[in-house]
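A short worksheet on the structure shown next.
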Amino acid sequence: MIVEVPGQYNPKNVEDEVREFWQREDTYHKVRRLRAGGRRFFFVDGPPYTTGRIHLGTAWNKVIKDSILRYMSMRGHELKDRAGWDMHGLPIEVKVEEHLGFRSKKDIETYGVDRFIEQCKSFALRQKDEMTEQFKSLGVWLDWDNPYMTLKNEYIEAAWWTLKRAHERGLLERGLRVVNWCPRCQTAIADSEVEYWDERDPSIYVKFPVEGEENTYIVIWTTTPWTIPANVAVAVHKDFMYSKVRAWRRDGTYEILIMATDLIENVLKQGRYVDYEILESMRGEDLLSLTYRNPLQDLVPPQRDFVHGVHLADFVTAENTGIVHIAPGHGLEDYELGLEKRLPIFCPVGEDGRYTSEAGEKYEGKYVRDANPEVVEDLMDRGALLASGELVHRYGHCWRCKTPIIFIATRQWFIRISDLRDQMLQEIERVSWYPEWAGSARFKDWISNARDWCISRQRYWGIPLPIWICRSCGSMDVIGTAAELEMRAGRAVEDLHRPAVDDVRLRCSCGGEMERVPDVFDVWFDSAVASWATLNFPREDKEFNVWWPADFITEGHDQTRGWFYSQLGASMVAFGRAPYKSVLMHGFTLDEQGRKMSKSIGNVVHPEDVVERYGADTLRFYVLSSNAPWEDLHFSWEGAMNVNRMLNILWNAYRFPLPYMILDKFDISKADTSRYSLRPEDRWIISRVNSLAKEIEENMAEYMLHRVTRSLQDFILEDLSRWYIQLVRPRTWIETDDPDKLAAYATLYTVMSSLVKLLAPFTPFLAESIYQNLVRGLDPSALESVHMCDWPGYREDLIDKRLEESMRYVREISEAVSNARQKGGRKLRWPVSRIMISSDEQLDLRDLVHVLRTQTNSKDVIVLPPGEKPEMNLEVSVVQKKIGPVFKGESRDVVEAITSMNPREVKRIIESGAPLEWKGKSYMITGEMVEFREIPPANLIPAEFSKGIVYVDITLTDELKAEGYAREIIRRIQDMRKDLDLKVDEMIRVSVALDSSEVLGLVSGWKDHISSEVRATLLRMGNDIDIEGELTKDWEVDGVNIRVSVARA
RNA sequence: GGGCUCGUAGCUUAGCCUGGCGGAGCGCACGGCUGAUAACCGUGAGGUCACGCGUUCGAAUCGCGUCGGGCCCA
């Protein structure tokens, strides 16, 4: 049984009802079970990080995933669709620290690592639950009951196992490296965890005194004064020219300075020197023999023992002084140069960002960034400061706690990704990228620059590194699974997290005791192993053998350096191949102006607010249709509103036939469409819906979600609502069991049942709601949910391209007629006697002429033969330039002759080649002497369409007037029915008083028609009759006053 | 500074891959419909297709460069 639905699309009600239905019927699981045994489609959910609420970007991400998965399911695929959660790492630690009011690692140690871990864990789990609800409210169907979670033991094992593979392949190494270091979190952080923004920093020029040369200095520039105590060398470029310069101060003293020749002016200006002379110029190489002293050597004892030299380096640029200060303990390039030149890797800074005792008593314990002014002062006191200022530049910060990072040399664990670079480049060629450039350009570029992956973090809440080292012999073991650990330890280990795992001691083959290294994994390593962890590999390999690698993943373009990369890296280590076959890269969500959404600008749009206002289907359809997936989405409320409006139109189109179907007890099983001859317009809309399905399939194959949704939108608005529904409306009012009406019902049913299936992946709630009522309501044998249905696909034999084309012309002509009517001042309610269609082509309107007739409200539709036009009035004008030279003095007469004659006659004469006779004279007129213009007669209003011109004859006759007035009266009575809120089939009594006898006379012939149209049992019309009824209203139509009263019969 | 990407009407955008009259929606102005009606429809105005150079018979589309936005890197 179908039921009527409310007149306004109310997404909240629709979605609540559907959600409840899915819940009650366990629809998700039924759908998944239904597809068991189908072609496998392995999707890996890029795990969102469990902190805070979901934002618009995350919502978009999941909507894309869900739409594609629903589509794949309808296409018959068995899905692997576990949702994933990224639950370890600093961000959560930072949140928990904030919550507990902690400021440093020491606070955590004091509080107790076990309690801290518990807090992190419960925080992550709580967040996961909250976010799950939010995703569910968007209609996202993933395996929410059984998600993969990075904090689970079986997940941790996947990471362990992968590291063990790295070790076995000789790709794991420990080394002193300069890393990005967060002094607050006291851990190394990945390049991808560094966030850059502008920071005001010192900008100083420092003079290093050259050994053995009196009053001579090498000049360097730096923005990190605090690294000067760790300076052990300087670098120059081999191609640059350098000069030794005598620089004079205002007071007449001078110094001898060494710097790049091109930069002398700049440097001396900074140092406020008044004059200079170049003593000597040399190439970079010529400086290599120099040595210098660190100006702070009296404060930093180890500096006294270092030999400070000059070295060549390519990274030196012709900026500032052209000489670069090298502190191998505090810079990546410095470190590499240090290794190469065997410089001391001097790093007198501790993990807390404070100077160690190595920096000397004066600096020890001071936080390096705070120490900047002091270092500058000390340099000045020692005459080593050439200039001091400030500048604003981009500086790196810890992604999570926003502390400016520092570079320090520490011992870390690395995976030698750089060894795998070439294989990775080969492997990504085999992956299908959407769009293509995401792989061929963007990702390729990133891989080409791939550096070794620092996987260790000096933190707590993460997957512990499964590396045990013997205290006696220093040998190292990497443990691959929990079982292996328990076997080696000889006892059970409940939780693989810290601190429990820290207590596990292993026996070394040397007989000594092995201890775990205290580090945890970089959190990027967690999600990197997702594609096999989600299959519970290595704990079991059954699923892995069947499903891996992933068929499809999709994430935002920031994940190029993130998850696309980390997964590839880990998979290359573990399996030597890419873990995914196709990747869709999507964009970012920005505000309407294309700015980043941020709390400080106050332009953040929350998905739940959009859902609240317009519903989840609207949000879904909006983000999918707004632009191409890989482009950034500029969110606009107006855009969302328009989608909502479109869905409302769909709702109205769906709702409109329901009352009639119910009234007529329409039975689809008896409405075998082949038994009723469908009208051409019925076959047209069916053709269109099949064409639509085809279009969608083609675009889905390329993940062109914007084209898919736009095709749907066009179909709903243009074909269904604006056209077909308009055409079909009168047929539903027929009250008998007319086959034509049943054909209309059957067509509507067919079209709507296809349409809701085509919509199901994108607007799952609305599609389900319509399906439940209309489709299941009419066909009890229909499947329980629209999401269980097979993708309807398309039938070539139902697609009639020529019919579609014909209908396109019919629509164009109808629109042109509207245009002409507007120009001619004839409302659509008033019939016209005829329209004439003129085209140079043979227009194939097929059997759609009746459609044209009703839609244009025209008594006759005349399609003229190709090239023909209605008879035109001809206008002739003379071309003086041509007449003058020929007729000279008689020109005036000739012009008079031409203009005073009937243009048609002039034309005939010219064409016949005969002379024109005028006032007893004859003139030979040629075609070039005149110009003819065709003017349609006043009653024919022309309007263009793509293939020609349509002429509307607006001549009024009494019959047309009578019908026009009759329709005016009908419309007003209908309006009043509405006011009285009558049911569509309720009968009424009507009185109509007109103040025009002429109109009354015309209309009286239409009395029966009016009565039946408005369902009147009694209709009284007169010039001056008594009027009474429940509702009385006065109207005015073209100067005629009409008083109408209506009462229930 | 480098890689990728985007720039089309007041706003949001399609078209670009594969060259052939630049399309929508919103907003604006005017009109229509009235058995979808707090809904819907039509018409109109509105364009330096960011800018410049090139390729071509022909460029929004292809190439190079410049400017501006986004992501990523240094």
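Below, each value reflects all heavy atoms present in this structure, side chains not excepted, and no hydrogens, waters or symmetry copies. Per chain, numbering begins at 1; letters A, B, ... match sequence-line order. Note that the coordinates shown come from a computational prediction; the quantities given were computed from them, not determined experimentally.
Atom CD1 of A/I447 and atom C1' of B/rC72 are 13 Å apart (whole Å). At whole-Å resolution of the value, CG in A/D632 and P in B/rC4 are 17 Å apart. Straight-line distance from the NE2 atom of A/H634 to the C1' atom of B/rA14: 15 Å, rounded to whole Å. Following rounding to the nearest Å, A/H586 (NE2) and B/rC72 (P) show an atom-to-atom distance of 13 Å. Distance CG (A/N627) to C1' (B/rU8): 15 Å, rounded to an integer number of Å. Separating the CH2 atom of A/W60 from the C1' atom of B/rC71 is a distance of 12 Å, rounded to the nearest angstrom. In this entry the distance linking CZ of A/R451 with P of B/rC72 reads 16 Å, nearest Å. With rounding to whole Å, A/D445 atom CG is found 9 Å from B/rC72 atom C1'.
Note on A/S818: only backbone sugar-phosphate atoms sit closer than 4.0 angstrom, heavy atoms only; bases stay farther off. The residue A/S721 sits close to a base: some heavy atom pair falls under 4.0 Å. Across all strands, A/R972 comes closer than 4.0 Å to no nucleic acid atom at all (heavy-atom distances).
Using P as the reference atom, B/rU34 and B/rC49 are 42 Å apart when rounded to the nearest Å. As rounded to the nearest Å, B/rG42 and B/rC6 have P atoms that lie 33 Å from one another. Taking atom C1' on both nucleotides, B/rC30 is separated from B/rG69 by 38 Å, rounded to a whole Å. For B/rU13 and B/rA50, the P atoms lie 14 Å apart once the distance is rounded to whole Å. For the C1' atoms, the distance linking B/rG20 with B/rA74 amounts to 44 Å, nearest Å. Taking atom P on both B/rU5 and B/rG63, the two are 10 Å apart, rounded to the nearest angstrom. Distance check on atom C1': B/rC72 versus B/rG19 gives 32 Å, rounded to whole Å. For the P atoms, the distance linking B/rG15 with B/rC53 amounts to 28 Å, nearest Å.
Looking at A/N266, its side chain does come within 3.5 Å of a backbone N or O of A/N320 through a donor-acceptor pair.
Residue A/S448 comes nearest to A/L425 through the heavy atom pair OG-CD2, 4.0 Å, listed as atom of the first residue, atom of the second, then distance. Closest of all the heavy-atom pairs between A/L852 and A/V810 is CD1-O, 3.5 Å. The minimum heavy-atom distance linking A/C398 with A/I405 is given by the pair N-CG2, 3.6 Å. Looking at every heavy atom in both residues, A/N773 comes nearest to A/I2 through O-CG2, 2.8 Å.
Partners of A/Y622 according to the ring-ring contact (aromatic ring centres under 6.0 Å, His included) rule, which considers only residues two or more places apart in sequence or in another chain, are A/F635. Annotation: side chain to side chain donor-acceptor pair (under 3.5 Å) contacts of A/E695 (sequence neighbours excluded): A/S711. With sequence neighbours excluded, no residue forms a salt bridge (Lys or Arg N to Asp or Glu O under 4.0 Å) with A/E702. Contacts of A/H330 classified as ring-ring contact (aromatic ring centres under 6.0 Å, His included), with partners at least two apart in sequence or in another chain: A/W226. In this structure, A/R826 has no salt bridge (Lys or Arg N to Asp or Glu O under 4.0 Å) partners at least two apart in sequence or on a different chain. Here A/W181 pairs with nothing under the ring-ring contact (aromatic ring centres under 6.0 Å, His included) rule; sequence neighbours left out. Taking the ring-ring contact (aromatic ring centres under 6.0 Å, His included) definition, one finds that A/Y9 meets it with A/W651, sequence neighbours left out.
Between the side chains of A/T763 and A/D617, no donor N or O sits under 3.5 Å from an acceptor N or O. Checked by atom type, the side-chain pair A/T560/A/H557 shows no donor-acceptor distance below 3.5 Å. For A/E804 and A/S691, the side-chain atoms include at least one donor-acceptor pair closer than 3.5 Å.
For A/H557, no side-chain nitrogen or oxygen approaches OP1 or OP2 of B/rC72 to under 4.0 Å.
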Per-nucleotide protein contact string for nucleotides 16-26 of chain B, where B marks a base within reach and S marks sugar-phosphate only (heavy atoms under 4.0 Å, - for neither): S--------SB
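Helical stems in RNA chain B, defined as runs of 3 or more consecutive Watson-Crick or G-U wobble pairs with donor-acceptor distances under 3.5 Å: B:1-7 with B:67-73, B:10-13 with B:23-26, B:28-32 with B:40-44, B:50-54 with B:62-66.
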Nucleotides 64-67 of chain B: which of its N/O atoms have a protein N/O under 3.5 Å away?
none

Extract from the structure each pairing of a protein N or O with an N or O of nucleotides 31-35 of chain B at less than 3.5 Å, listing the distance.
unit_1, atom_1, unit_2, atom_2, d
B/rC33, OP1, A/R829, NH2, 3.4
B/rC33, OP2, A/R829, NH2, 3.1
B/rU34, OP2, A/R829, NE, 2.7
B/rU34, OP2, A/R829, NH2, 3.0
B/rG35, O2', A/W733, NE1, 2.7
B/rG35, N7, A/Q974, NE2, 2.5
B/rG35, O6, A/E1013, O, 2.5
B/rG35, N2, A/V984, O, 3.1

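Remark: the A/R442 side chain and the B/rC72 base include no donor-acceptor N/O pair separated by less than 3.5 Å.
Sorted by first and then second residue, the salt bridge (charged side-chain N to carboxylate O under 4.0 Å, His left out) pairs with a member in residues 807-819 of chain A read A/E718-A/R811; sequence neighbours excluded.
Comparing B/rG15, B/rU12, B/rU37 by their nearest atom to the side chain of A/R655 picks out B/rU37.
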